[in-house]
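Structure first, commentary second.
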Amino acid sequence: MWGGRFSKPMDDRFAYLNASFRFDWRLYAVDIRASRAYARALARANLISTTELDALLDGLTRVEQEFASGAFVAQPSDEDIHTAVERRLGELVGAVAGKLHTGRSRNDQVATDTRLFVLETISHLQSPISNLQRALIEKSEQHLDVLMPGYTHLQRAQPILFAHWLMAYFWMLARDRERLADCARRASVLPLGAGALAGNALGIDREFLARELGFARVSENSVDAVSDRDFIAEFLFDAALLGVHLSRLGEDIVLYSSAEFGFVTLDDAYATGSSLMPQKKNPDAMELARGKTGRLLGDLTTLLTVLKGLPLSYNKDLQEDKEPLFDAVDTLDALLPVMAGAIRTMRVHADKMRAALDAAMLATDLADYLVRRGVPFREAHRLVGEAVKRAEACGVMLADLPLDEYQRIAPQFAADIKDVFDFARALASREIIGGTGPNAVRAQIAQAKQMLE
Ligand code: ARG
């Protein structure tokens with residue numbers, strides 16, 4: 001490919017280090033798509049004849065078919081996907097293949113391919129994410145009457161609807177999808193025509209190339225176009241954050257499916273057993289949501305580390321952008337459908353959640369009771385704290401502390417405090433937008449469904 005200047009072949013082990021075909025063959029479809037557009041642009045600029053264009057287009061289609069069917073045979077000289085396609089094209093259509101690279105560099109070529117790949121990936125990720133969102137909605141709707149303890153600091157805090165907890169993950173995923181769509185806006189910029197770094201000298205029509213390839217616009221600076229990989233870094237951040245959300249969902253379910261909580265049971269199809277302990281049922285799928293997220297964070301860190309300190313413009317370091325990118329895509333592809341399946345099939349134990357509610361979780365509602373009787377909140381908070389302490393000293397639940405004890409703490413307490421100790425009522429008092437009141441949660445789910453349409 002650049003043999004003219006060299007008098008010795010490459011060292012074998014260096015050739016292995018230098019080559020990327022073993023992983024970047026995955027770009028074959030976008031590479032060939034970009035080459036087709038480039039061939040057309042060459043013809044428009046009268047750099048090749050229409051007969052030559054037809055030969056190139058026909059040859060590119062045949063190379064693509066070989067990749068798609070698995071018939072493509074790589075040669076040791078195939079350093080990367082770009083050289084592999086060009087080598088095979090030459091074998092199929094002859095010398096005209098040598099015209100395809102006119103004015104093009106692998107630098108603008110690889111940047112173009114990777115942008116196309118990221119754009120395709122983002123659009124194909126929308127459906128597995130929304131499928132998981134749909135699973136969250138379905139499960140929430142099936143258990144709209146289930147109450148559970150809501151936690152802060154992993155301590156029982158206030159009663160909430162099970163659906164409210166579950167739907168929290170819907171909104172995280174909604175933002176993940178938004179972030180990916182936003183990443184696509186910035187990825188949709190055509191680098192082709194930037195050449196090696198200084199721009200194409202042969203009058204290629206870049207606006208035409210952008211239209212052919214579906215890019216929203218063309219890059220403004222050829223040095224930037226071949227140098228930066230910020231669109232991959234953004235994608236990897238979005239993937240890492242999506243992973244963090246899946247990891248937290250996984251961790252909640254690991255906890256909730258333990259005997260200590262007993263709130264949910266994973267379906268056998270999404271759990272594993274132990275090779276030693278016959279009684280075990282392990283939430284491996286959820287643990288892998290947590291564990292695989294470590295890789296996603298690593299993928300992001302890898303790329304940022306590669307970019308940091310690189311002089312402009314293209315450097316071979318940039319070849320290291322692909323493995324983290326592919327790894328993140330593969331990790332999400334493996335994880336998302338399993339999470340959706342596990343959520344859809346998990347059993348929900350309303351009784352266990354109910355039993356985990358204790359009246360002390362209504363202490364805030366008791367303070368609100370005093371507030372409604374004119375007591376300033378800080379004071380109400382202190383008075384209820386005293387009641388909690390008193391109940392503990394008497395060895396009774398907060399709800400069972402006698403009224404005269406309450407009245408000794410604050411005269412505003414009256415016989416109707418027993419109404420406060422009603423979980424359903426506590427929820428019903430939170431019919432505010434975004435709150436855990438049953439109607440508010442129903443409205444939230446309706447809004448979520450609308451978003452998915
Ligand atoms: N395989 C290379 C990469 O992924 C393609 C670009 C090579 N460019 C170069 N000037 N050696 O970055």
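All ligand and atom numbering here is 1-based and tracks the order in the structure. Residue numbers start at 1 and run along the sequence shown.
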Please determine whether a side-chain nitrogen of the Lys or Arg among [X] and [Y] lies less than 4.0 Å from a carboxylate oxygen of the Asp or Glu.
| X | Y | answer |
| --- | --- | --- |
| Glu86 | Arg106 | no |
| Arg33 | Glu120 | yes |
| Arg87 | Glu91 | yes |

Considering only heavy atoms of [X], which atoms of ligand 1 have at least one such atom less than 4.0 Å away?
| X | value |
| --- | --- |
| Lys322 | 3 (C), 4 (O), 12 (O) |
| Ser20 | 1 (N) |
| Gln319 | 1 (N), 2 (C), 3 (C), 4 (O), 12 (O) |
| Asp80 | 1 (N), 2 (C), 5 (C) |

How many angstroms lie between atom CG of Leu236 and atom CG of Leu325, to the nearest 0.5 angstrom?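 Between Leu236 CG and Leu325 CG, I get 6.0 Å after rounding to 0.5 Å.
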
Please write down residue, atom name and distance for the protein heavy atom closest to [atom].
| atom | answer |
| --- | --- |
| atom 11 (N) of ligand 1 | Arg106 NH2, 3.5 Å |
| atom 3 (C) of ligand 1 | Tyr314 OH, 3.2 Å |
| atom 10 (N) of ligand 1 | Asn107 OD1, 3.0 Å |

Least distance between heavy atoms, Ala239 atom then Ala328 atom: CB-CB, 4.4 Å

State whether the shortest distance between N or O atoms of Lys316 and N or O atoms of ligand 1 falls below 3.5 angstrom.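 By distance alone, the answer is no.
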
Output yes when the distance from some N or O of ligand 1 to some N or O of Arg229 is under 3.5 Å, and no in every other case. no

With a 3.5 Å cut-off and no angle check, do the side chains of Thr83 and Asp80 form a donor-acceptor pair?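 Distance-only check passes for Thr83 and Asp80.
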
Does Gln109 approach ligand 1 within less than 4.0 angstrom via side chain, backbone, both or neither, non-hydrogen atoms only? neither

Using modelled atom types and a 3.5 Å cut-off, is there a donor and acceptor pairing between side-chain atoms of Tyr169 and backbone atoms of Arg248?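 At least one qualifying donor-acceptor pair exists.
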
